[in-house]
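What you are looking at is a predicted structure, and each value in this text was computed from that prediction instead of being measured.
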Amino acid sequence: MPPTKQELSLLINPLVPESVQHNNRVLSSLHSITSFLLGLTAGILALQSATGFIFYFLGTIIVSGLFHVVLLYRSAGQGAGRYFPGSNPGEIDGLQVDWKRGVVTDAGYGIRKGAWKNVWFGGGVLGEALSGFILGWAGVGGVLR
């Protein structure tokens with residue numbers, strides 16, 4: 001039975017589970033620290049209600065965008081797929097297989113499908129990072145009033 005595209009992708013450009021876990025921890029730490037700092041800033045600025053949450057989402061978009069730019073620079077334009085597994089773990093976009101000759105070519109740039117989602121939505125942006133934002137926001141806002 002011939003290997004699947006995902007298996008071939010992992011043979012050509014393997015993902016080491018320990019490295020992926022480390023990258024996810026770094027991303028989670030980045031989002032947690034920045035969201036807490038955004039919460040402190042929102043509390044100092046005395047933002048309330050929807051303006052505080054808009055501030056959080058705009059700050060998170062800026063931080064994720066900067067992190068994505070750093071990933072693009074470090075990966076020589078290959079993007080987040082070099083460091084994160086993506087939505088279909090391990091499958092590289094643009095992989096072509098010639099079964100007659102037994103040749104596998106990478107027509108794309110080795111980009112994993114949906115890896116950008118790990119950068120923008122991963123790391124607890126809507127989970128633990130949001131709770132850190134609210135903690136900082138309410139704590140500083142309550143102390144300053």
Mind listing the side-chain donor-acceptor pairs of residues 50-61 below 3.5 Å, one per line with the distance, residues two or more places apart or on another chain?
unit_1 : atom_1 : unit_2 : atom_2 : d
T51    : OG1    : Q48    : N      : 3.4
T51    : OG1    : Q48    : O      : 2.6
Y56    : OH     : V125   : O      : 2.5
T60    : OG1    : Y56    : O      : 2.8

Sequence neighbours left out, cut at 3.5 Å: what donor-acceptor pairs do the side chains of residues 135-142 make with other protein atoms?
unit_1 : atom_1 : unit_2 : atom_2 : d
W137   : NE1    : L47    : O      : 2.8

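Residues L45 and F133 share a hydrophobic cluster, clusters being chains of Ile/Leu/Val/Met/Phe/Trp/Tyr side chains in contact below 4.5 Å. Two different hydrophobic clusters hold I44 and V143 under the rule that ILVMFWY side chains link at heavy-atom gaps under 4.5 Å. Hydrophobic clustering of Ile, Leu, Val, Met, Phe, Trp and Tyr side chains at less than 4.5 Å, counting indirect connections, unites L71 with L30. Each of L126 and L37 belongs to its own hydrophobic cluster when Ile, Leu, Val, Met, Phe, Trp and Tyr are linked at side-chain heavy-atom distances under 4.5 angstrom.
When every heavy atom of W120 is checked against every heavy atom of S64, the shortest pair comes out as CE3-CB, 3.5 Å. Between A129 and H31, the closest heavy-atom pair is CB-O, 3.8 Å. When all heavy atoms of V119 and L27 are compared, the pair lying nearest together is CA-CD2, 3.9 Å.
When side chains are defined from C-beta on, V70 does not count as touching L66, because their heavy atoms never get closer than 4.5 Å.
Separating the CD atom in E128 from the OG atom in S131 is a distance of 7.0 Å, to the nearest 0.5 Å. I134 CD1 to F36 CZ: the interatomic distance, rounded to the nearest 0.5 Å, is 12.5 Å. In this structure, the separation between CG on N23 and OG on S28 is 12.5 Å, given to the nearest 0.5 Å.
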